[in-house]
2 protein chains.
Amino acid sequence: MSYRAPVADIMFALNHAAGFAPALAEGVYGDLTDDVVAAVIEEAGKFATDVLAPLNTVGDHSGSVFKDGVVTTPPGWKEAYHAWSKAGWNGLATPAKWGGQELPYAVNAACTEMWNSAALAFGLGPLLTMAGIDALIAHGSDALKQAYLPKLVSGEWMGTMQLTEPQAGSDVGALRTRAERVADGSYRLTGQKIFITYGEHDLTDNIIHLVLARLPDAPAGTKGISLFLVPKFLLNPDGSLGARNDARAHSIEHKLGIHASPTCTMVYGDQGGAVGFLIGEENRGMACMFTMMNEARLAVGLQGVAIAERATQQAVAYARERKQGRASGVSTGSSPIIAHPDVKRMLLTMRALTGAARAICYATAVALDRAHRSTDEAVHKAAQERASLLTPVAKAFSTDAGNTVASLGVQVHGGMGFIEETGAAQHFRDARILPIYEGTNGIQAIDLVTRKLPLSGGATVATAITEMKRTVAAVGAASDQAFGWTDIRLQDAVAALERATHWLLGTRNDLDTALAGATPYLRLFALAAGGTLLAQEALVAKQLAGADAAARIAIARFFAENLAIEAGSLERTVVEGADSVTTADAALAS
Amino acid sequence: MSYRAPVADIMFALNHAAGFAPALAEGVYGDLTDDVVAAVIEEAGKFATDVLAPLNTVGDHSGSVFKDGVVTTPPGWKEAYHAWSKAGWNGLATPAKWGGQELPYAVNAACTEMWNSAALAFGLGPLLTMAGIDALIAHGSDALKQAYLPKLVSGEWMGTMQLTEPQAGSDVGALRTRAERVADGSYRLTGQKIFITYGEHDLTDNIIHLVLARLPDAPAGTKGISLFLVPKFLLNPDGSLGARNDARAHSIEHKLGIHASPTCTMVYGDQGGAVGFLIGEENRGMACMFTMMNEARLAVGLQGVAIAERATQQAVAYARERKQGRASGVSTGSSPIIAHPDVKRMLLTMRALTGAARAICYATAVALDRAHRSTDEAVHKAAQERASLLTPVAKAFSTDAGNTVASLGVQVHGGMGFIEETGAAQHFRDARILPIYEGTNGIQAIDLVTRKLPLSGGATVATAITEMKRTVAAVGAASDQAFGWTDIRLQDAVAALERATHWLLGTRNDLDTALAGATPYLRLFALAAGGTLLAQEALVAKQLAGADAAARIAIARFFAENLAIEAGSLERTVVEGADSVTTADAALAS
């Protein structure tokens, strides 16, 4: 069972849950028209469906192979990458100045979902390249930009993000890779990086590494980290490829999933030092890295949506085909398993989680667009903070959802799900990295609670909650029986979120108490946000009186009555459960 | 990181949560003493730790290999199996009459956990053999028993359970394998079975297949199924191995996990018909199969406990070693990640789920012992029904817990968790089959709601709830601050269970409504049962004033305040959420 890009669903979520249509109407996107947007997403959907999706299985089976320092990607991947970059997909949201198409980031988010649904291990490379491009645009010197951006934007070259070292994972400040100043203004790097995605491969002629390293006189911790651009091949004055740099892949990892994505150990300076060029200022590398990481975090959230969508499509198709037992009310023959309530519950859970995660991720992308494109300082700040608030939720909730949905996908297949040939297991394996990389989901929750809730003295989160309440009220006002208990359950969820938020904002002197509740709080936030966004989609669908109104109402209702309903207990866990964590050392002592 | 059998924990759960100590004191086990029990479990723990646990990695890497009809198990597995069976572990709970040691089934359950923690793919083979032995004892003719039982009990031969066919998975009644009567009283089988665990291997000289098949004149569905004993090698009159039977493995599956356990497609009658011997009566095979399945279901629940225990051990050890960041209140250096509240929350969740699942499984085993060993009809019936009630909960909750815990184990390891060499990913892969085989967890929930709640007109479940209430009251009466909100949260959970139970018992005319809530109901039951059993352990530990009282109270409290707290929303999902499932067809139409 392959993947078919859900273009109509994606457009609907973008326009009516994430607020893209209103932003377009307000003129946020200048003279862009919805025809153009629809055409781009349609075209991307075709490419994802026809070209990329068939690569997913061979990517898993063959994997990327390392031999003598060379990484060979699976059969067909190189050709697909070239077709993909040639079609201009890599620079979709990049400014025209650097060769991009300057389309909304939200449109790129929709495309990112589709590339990754088609083949997660494929989508991951461009995802990191795009994040690197943004960092270079934001912080690089003109000379660096002119030398490297055009070919990065076109996709002729790819980029990497290099933070992690054996002793420095979540704690980036512990990294040890050294950078020495050289008289010509460049630097020489020595050290080792691990877990470097697409650190070496054969998709492009050159690879542009963005590497965090420490100057000899740098302060300890994160304040002594600088960001360097380290090309695999140095450039000649005319821009052509010159000498091989002293930066090499030492090996690749044998991983649970995303086998086609080469995860490299990189060695710098084995022969005296890798030539690097400073991005931004010395010792200010963390700020540059955050530019990359924030975008990458949202993109990883979209990977969660992507794997959830693909797993759901496969499970629904299987549940329609597979016959076992007889559904109640049927008198002869066996029924497709989709007719059994327990299977239906699993499939609805998959659909509802996928839709909620998609809505949250796209809403984050629209907020980013508003921030980037606004000239009004107050509007910019509000949108930027909205995006900052939503990013950890988008990353953590969507990737958790990706895992839950992929696991349910296996379950719907029964014994067949455990057989690798079926493909459901690949989604389950591939999805497992998502809650880990680009900041573990625990780190996202801590970021949300300690850095994002306090934005503008709590006003940013308060505004978000107010909007949720507006949706709840609208569901109530719709007085449509088909919504069932949707408004009541969502009202409870939003109220629980509001109380837990107030409580957390008041605990800032007791950090451990806040940290102990961070993960349940993030989930509470996502359930309230996701539930109200799905309800908003349902309300619009009802208004538009399209054929899918019944479906969207059913999904919103299922989410509210079966998933958002967890909000009350999550609130208690946040507000009352911290002691049970912080005082429990005896239980972990042996 | 290898496995160390948690003998003390196991003994404590057995004695004080599962009620083994009271049963021993009451004389349920005759003159058996706790010294003997402790010695057996200690010895099993040593064998699991020293001999079996080191096989787990090689089992995963090498897997079982199929070539020309022959299955070769991984290096070292055959030797380990011989040492294991020679030590008498296979017949631990089998009547002495058949060469067993006639020890309590509860003791065997504890051992089953340890074999499977050490190597899940290893433990699975004996688990099925033991289930087959029980079916043969319960339903076989004397001649069959005398011919086959001694070598099955000693472990010299292994057994299989063969239900599944391509069109007959959860719906066993759809099977087509045919059995023809032969003049000598035997039968000839033709057909195909799939997903047959240890259907072919090199661990033993003979393999005794228990195969469900249909007679030519059998009624349709489950009422026309008969059970046959089909040996790989027929026996000569003197009991020695004779001709090769017409029953062969055609291939083995390429699976997500448990690679060492060969999952075979079996072909019967390629050369005219496999010789089979009827077990029990014609067309009464389902009853015989249920004898096997019920025991196997509890054993699979124990596999869930087993994988959870192993994953937890590995994660706790890693979290103590791995240093990242600095915990609050620490002034210099980096801290082991176990000191971070978010990691602590994950580890406590792992411990709490493992402990609750273990307590539920062992309590089921003790109920089975009471049922088997009681001569009083009323006592027998009550115990039998208790075991019947708990079996689906033990199977489904424990295997879900195994998956949750194994996934958290990956997460605690961060990026290292996704690298296969770390081993955390193997547990995650291995665990994934558990909610599927021996009746999917959805089937377990349906069994609980439709067959088990109505036992004795609802009195069986009512008694179980009454016992839970007693424990809640005892926690309240203990008036120990260390319990935090344990009694309040458990009281809520048990009350929610009671209301949902009453409601479900009243919906029996509306089957779909009951079925839609079956899975959340099973979880609700398990949270109330698991929470009160952990609380009971904590109360006993407090009374005994042992060193681990603080740890057990902390785990009980964590479970109550962070996991059992979900009970209220589960109740609503059961009672109010069915419509959101049954009326949602529009959402699954495309």
Side-chain angles (χ1 to χ4, degrees), chain A residues 169-171 174 195 253-256 316 324-325 328 334 338 341-342 344-345 347-348 351 410-411 414-415 418-421 425 432-433 435-436 440 442 446 484-485 511-512 515-516 518-519 550-551 554-555 557-558 561-562 565-566 568-569 572-573 576-577 579-582 584 586-588, chain B residues 169-171 174 195 253-256 316 324-325 328 334 338 341-342 344-345 347-348 351 410-411 414-415 418-421 425 432-433 435-436 440 442 446 484-485 511-512 515-516 518-519 550-551 554-555 557-558 561-562 565-566 568-569 572-573 576-577 579-582 584 586-588:
Chain A
S170 297
D171 185 3
F195 297 164
E253 303 291 351
H254 172 219
K255 305 190 301 296
L256 174 61
V316 171
Q324 283 293 277
S328 66
S334 55
I338 200 171
D342 191 71
K344 222 180 265 184
R345 171 178 289 283
L347 297 172
L348 289 166
R351 277 266 154 98
V410 171
Q411 191 70 19
F418 199 65
I419 308 299
E420 285 285 3
E421 283 75 5
R432 192 61 193 81
I433 189 58
I436 296 172
T440 64
I446 291 168
W485 298 75
L511 189 60
D512 270 3
L515 295 181
T519 289
I555 287 294
R557 177 183 181 177
F558 182 85
E561 294 187 12
N562 297 276
I565 201 170
E566 206 197 333
S569 55
R572 283 196 160 160
T573 299
E576 299 166 357
D579 280 357
S580 74
V581 176
T582 55
L588 298 173
Chain B
S170 297
D171 185 4
F195 297 166
E253 303 290 352
H254 171 219
K255 306 191 300 297
L256 174 62
V316 171
Q324 283 291 277
S328 66
S334 56
I338 200 171
D342 191 72
K344 222 180 267 184
R345 172 178 288 284
L347 297 172
L348 288 166
R351 277 265 153 99
V410 171
Q411 191 70 19
F418 199 64
I419 307 300
E420 285 286 4
E421 282 76 5
R432 193 62 194 81
I433 189 59
I436 296 173
T440 64
I446 291 168
W485 298 75
L511 189 60
D512 270 3
L515 295 181
T519 290
I555 287 295
R557 177 183 181 175
F558 182 85
E561 294 187 11
N562 297 274
I565 200 170
E566 206 196 334
S569 55
R572 283 197 158 159
T573 299
E576 299 167 357
D579 280 357
S580 73
V581 176
T582 54
L588 298 174

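FYI, side chains are in, hydrogens and waters are out, and symmetry mates aren't considered; it's all heavy atoms of this structure. Every chain is numbered from 1 and lettered A, B, ... according to where its sequence line falls, protein lines coming before strand lines.
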Among [options], single out the residue with the greatest number of heavy-atom pairs under 4.5 Å to chain B.
{"options": "A:K255, A:E421, A:E253", "value": "A:K255"}
{"options": "A:R572, A:R432, A:E566, A:E420", "value": "A:R432"}
{"options": "A:A516, A:A554, A:G484", "value": "A:A516"}
{"options": "A:A425, A:S334, A:P435", "value": "A:P435"}

Nearest 0.5 Å, what's the [atom1]-[atom2] distance between [X] and [Y]?
{"X": "A:L515", "Y": "B:S328", "atom1": "CG", "atom2": "OG", "answer": "6.5 Å"}
{"X": "A:L588", "Y": "B:I555", "atom1": "CG", "atom2": "CD1", "answer": "6.5 Å"}
{"X": "A:H254", "Y": "B:F418", "atom1": "NE2", "atom2": "CZ", "answer": "10.5 Å"}
{"X": "B:R557", "Y": "B:N562", "atom1": "CZ", "atom2": "CG", "answer": "9.0 Å"}

Is the closest side-chain donor-acceptor distance between B:T582 and B:D512 under 3.5 Å?
-> no
Of all heavy-atom pairs between B:Q411 and A:T440, which one has the smallest distance, and what is that distance?
-> NE2-CB, 3.9 Å
Work out which heavy atom in B:L348 is nearest to a heavy atom in A:S580; give both atom names and the distance.
-> CD1-O, 3.9 Å
Winner by heavy-atom pair count (cut-off under 4.5 Å) against chain A, out of [options]:
{"options": "B:I446, B:V316, B:D579", "value": "B:D579"}
{"options": "B:E561, B:R345, B:R351", "value": "B:R345"}
{"options": "B:A551, B:A550, B:S170", "value": "B:A551"}

Is chain A contacted by the side chain of B:A518, its backbone, both, or neither, given a heavy-atom distance below 4.5 Å?
-> neither
With only heavy atoms counted, which part of [X] is less than 4.5 Å from chain B, the side chain, the backbone, both or neither?
{"X": "A:F195", "value": "side chain"}
{"X": "A:I338", "value": "side chain"}
{"X": "A:A174", "value": "neither"}

Without swapping roles, check the side chain of B:D171 against the backbone of A:Q324 for a donor-acceptor pair under 3.5 Å.
-> no
